[in-house]
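Heavy atoms only: backbone and side chains are in, while hydrogens, waters and symmetry mates are out.
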Amino acid sequence: MEYGPAPESRAEADAWLASRKLEQALFIDGSWRAGAGGATFEVTEPSTGRVIGQVAEASATDVDAAVAAARKALPGWQAAGGYARARYLYAIGRAMQRHARLLAVLESIDNGKPIRESRDVDVPLAIRHFLHHAGWAQSLEEEFPGQKGVGVAGQIIPWNFPLLMLAWKIAPALAAGCTVVLKPAEFTPLTAILFAEICERAGLPKGVVNIVHGGPAAGQAIVEHDDIDKIAFTGSSEVGKIIRKATAGTGKKLSLELGGKSAFIVFDDADLDSAVEGLVDGIWFNQGQVCCAGSRLLVQEDIAERFLAKVRARMGQLRLGDPLDKNTDIGPLVAPVQLERVKSMLTAGADQGAELWQPACALPEIGWYHLPVLATDVGTANILAQEEVFGPVLAAMSFRNTEDAIQLANNTRYGLAASVWSENVNLALHVAPQLKAGVVWINGTNMFDAACGFGGFRESGFGREGGREGMEGYLAPAATGRATKISPFAFPGGAGRQGAAEAGFIDQTPKLFIGGKQTRPDSGYSYPVLDTKGRVVGEAGMGNRKDIRDAVSAARGAKGWMSATAHNRAQVLFFLAENLSLRADDFALRITAVTGASAKAARAEVDASIERVFAAAGMADKFEGRVHEPPARAIALALNEPVGVLGIVAPDEQPLLGLVAMLAPALAMGNAVVAVPSPRSPLVATDLYQVFETSDLPAGSVNLVTGRGPELAAVLARHDDVDGLWCVADADTCRLVEAESEGNLKRVWTSGGFGVDWTGPEGSLRRFLSRAVEVKNVWVPYGD
Ligand code: NAD
């Protein structure tokens, strides 16, 4: 069938552009400014290559001014209260509704995305974010007791969904009571400029929203600014890692929404025609420039040929052309550099053995277009299977059975999204929890909603956008409880002393606890443990990198614990609490001996530890997920899944409670733990071995490695098979673990060099339970 052209008018957008002074587009402290020194950068239209205009470029001086404005506006914005903030959010959402078509046309002109997508997806979803978050603003105190906005948020976004990413960032920040400095991507500044106008017209107080334009240098000025409390970044994993390192030790809260290589899994009992339509949306939506694009097709081998034939036939029907034509399915890529990147990755993929297929279709003579591509014969190591192309390229592979599908799907360093197609919902719900992805769509793809958190695992970043989880990213305890600064521990006698027997006066040197067994440290060394008067009270094993590696593989192997029912985990923890209480007197004596605490204080610490384990046991089957009912014919199951293998670095102060208050919630939620106990008082932790051994804890679920805390913590931070790390230590160690975690972007929480009040909000059981889980949203559509 032939289609006639169905162009969307661009007259309003052109008139808006003609009336704007783009070279004065920095929106700082409620006024429009040129960049200091008058710098600008060029913005072009991807479908024609035409120059749209020169946009003001922010320098570090402009970023300074924007941060100062946000800081100045912060107290007033927080004091305004949730209801007032809700009304502003609502007013912004309503004003966006009034300008919806203009926003959509501008977005398509600027980014090249088909108008059908910007009009029907990007803009409505962006509006929904503001309206949804009005509710969070108003209910903040009730829903997040004891928490308040973290402060000034620096936000950096990419070009693929310029307005939607802005909404994902600004709506929760404003709801939480933060003020913001946002930098759009240098390719796509236009809708952010219109959004700033909307804020102005909505009467938003000056300085609450500041928008600065520019490229990496402006982004870097935000990331490195001393007066910013939170960095929220969406973009490539490469830049995400730079930001992880740059913010290490600064105390800035950080969320990273990064790239992906998401699997689109088609089982042989799927409705194949629906799956093909899903796939079109999954990989060719926005020309494949989508972080969660289903760029890896995994199809069951008995239907692979039939399915691929359908895919090719459908690809032949995709209409490529003017993004402002309502019939267009595929527009241009955003910029020549992106087009070159796609081409070079395809060349590399073909060199590595992939077979590339494209439909017969003429490319427009101008604009940065690329035909959709189907790559077959893609080996698992092929660049097209491993790297994010961020273009209209689908890499197809086949699988034999369910285990094979899960293994292939998880064979990636990313973990953003996945799509599972099967008419058997039991199978789909069996597979979904086993996929390393923050979002799983069953018989669907690209379903989003402001109420449902979106975000990833591993190199797809950490943190969620949307819903309750997204709000948490902009909140901090109203009272921090960070009173005491932790000082680094100086090891007695430098390198440690050889052999316990040699010491003569000690009849027992505790070993390490790895894989359910007490094992000798690989180094063969131990170190003397001194009391507060400098007397040797025992020795402890000097663990090293090899011991940590062994402990991590033991933890990874503790599959039984990770898949145990919450009821079973609760039983084990109750038993552990009981066994700890049987030995309460011994623990209290030990604490007094090594820390010098009074008998009363030591007993109180032991009692608090027992109580914490008991409480964690009680919550194991209660800290559950949620069911979201988004405005779509679908439910989203927000599952609280364990983070996985968790590293824990425990403090010297209150050595038993400090360890147990982290260990118990981690275990309660099904994590396997590698803990580094207090280096000053390791014997308190090693006394726990017998408690573990008598409490039915499966081998590998808890591993303890004593030794030089900072060194062991750094090994844990660098280890790619550790999924998360909690560290209560001195400032240098905290900075070190944050910086060293950039390799696999594990989820790191540190105390920032301060002690934790285990009875306060930051050290509470609930806080650690939520740190102990990753929320996975599993979308299940219903109806015919
Ligand atoms: P990018 O990382 O190059 O740029 C993203 C933003 O960071 C831009 O605003 C850019 O100017 C800025 N930036 C670049 N270098 C910087 C630096 N050193 N310091 C601070 N800021 C810097 O990514 P991109 O090419 O613009 O966007 C595509 C990427 O975004 C893809 O990897 C995609 O998967 C990802 N993405 C992720 C999500 C998600 O929610 N997970 C959503 C959309 C896009």
Side-chain angles (χ1 to χ4, degrees), residues 2-8 10 13-14 42-52 104-122 158-162 185-188 190-191 279-291 293-295 311-350 354-375 384 387-395 446:
E2 280 303 309
Y3 295 84
E8 172 74 38
R10 55 181 293 157
D14 284 337
E42 192 169 275
V43 182
T44 48
E45 184 170 348
S47 61
T48 60
R50 188 177 68 86
V51 174
I52 296 173
V105 176
L106 270 179
E107 199 76 308
S108 286
I109 290 175
D110 205 12
N111 164 281
K113 61 174 65 206
I115 184 71
R116 251 190 11 237
E117 296 178 7
S118 48
R119 185 196 60 196
D120 298 346
V121 181
D122 295 40
W159 43 261
N160 57 345
F161 292 89
E186 55 273 40
F187 294 135
T188 51
L190 298 186
T191 45
L279 189 61
V280 167
D281 191 27
I283 179 62
W284 290 301
F285 184 71
N286 200 19
Q287 295 71 249
Q289 303 166 128
V290 182
C291 51
S295 55
V311 172
R312 287 192 189 92
R314 184 66 179 86
M315 286 171 76
Q317 294 165 351
L318 292 172
R319 289 174 63 89
L320 182 141
D322 180 2
L324 288 181
D325 189 316
K326 291 167 208 158
N327 291 324
T328 293
D329 297 310
I330 299 197
L333 301 188
V334 74
V337 53
Q338 189 63 16
L339 186 57
E340 282 318 307
R341 177 183 148 87
V342 171
K343 286 181 177 167
S344 74
M345 289 185 76
L346 283 170
T347 306
E355 184 76 29
L356 307 180
W357 184 88
Q358 298 183 325
C361 166
L363 278 181
E365 280 169 17
I366 52 168
W368 301 309
Y369 289 89
H370 198 289
L371 287 175
V373 180
L374 171 66
L384 300 179
E387 300 297 324
E388 183 180 43
V389 179
F390 225 56
V393 180
L394 175 66
N446 283 348

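The NZ atom of Lys113 lies 9.0 Å from the OG1 atom of Thr188; values are rounded to the nearest 0.5 Å. We find the CD-SG distance between Gln317 and Cys361 to be 12.5 Å, quoted to the nearest 0.5 Å. For the atom pair CD of Glu117 and CG of Asn111, the computed distance is 9.0 Å after rounding to the nearest 0.5 Å.
A donor-acceptor contact shorter than 3.5 Å is absent between the side chain of Asp325 and the backbone of Pro7. When atom types are taken as modelled, the side chain of Thr328 and the backbone of Asp322 share a donor-acceptor pair closer than 3.5 angstrom. Between the Ser118 side chain and the Ile115 main chain, a donor and an acceptor come within less than 3.5 Å of each other. Looking at Thr347, its side chain does come within 3.5 Å of a backbone N or O of Lys343 through a donor-acceptor pair. No donor-acceptor pair closer than 3.5 Å links the side chain of Ser295 to the backbone N or O of Leu394.
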Side-chain polar contacts of residues 330-342 - donor-acceptor pairs under 3.5 angstrom, sequence neighbours left out - could you list them?
unit_1	atom_1	unit_2	atom_2	d
Gln338	NE2	Phe390	O	2.8
Arg341	NH2	Glu388	O	2.4

Scan the side chains in residues 363-375 for donor-acceptor partners under 3.5 Å anywhere in the protein, sequence neighbours excluded, and list what turns up.
unit_1	atom_1	unit_2	atom_2	d
Tyr369	OH	Gly321	O	3.0

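The existence of a salt bridge linking Asp120 and Arg116 is excluded, since no basic side-chain nitrogen approaches an acidic carboxylate oxygen closer than 4.0 Å.
Looking at residues two or more places apart in sequence or on another chain, you find a side-chain contact (heavy atoms from CB on, under 4.5 Å) between Val121 and Leu125, Phe285. Partners of Glu107 under the side-chain hydrogen bond (donor to acceptor under 3.5 Å, both in side chains) rule, at least two apart in sequence or in another chain, are Thr191. Scanning for side-chain contact (heavy atoms from CB on, under 4.5 Å) contacts around Ala350 gives Leu356, with sequence neighbours left out.
Here the closest heavy-atom approach between residue Leu384 and residue Ala354 is recorded as CD1-CB, 4.2 Å. Looking at every heavy atom in both residues, Ala6 comes nearest to Asn327 through CB-ND2, 3.9 Å. Closest approach of Ala13 to Leu106, counting heavy atoms only: CB-CD2, 4.1 Å. Here the closest heavy-atom approach between residue Gly49 and residue Thr44 is recorded as O-CG2, 4.0 Å.
Between Asp110 and Trp159, the closest side-chain pair of non-hydrogen atoms is not below 4.5 Å. Looking at Arg10 and Ile109, their side chains come closer than 4.5 Å, going by heavy atoms from C-beta outward.
Screening residues 279-289 for side-chain hydrogen bond (donor to acceptor under 3.5 Å, both in side chains) gives no qualifying pairs among residues at least two apart or on separate chains.
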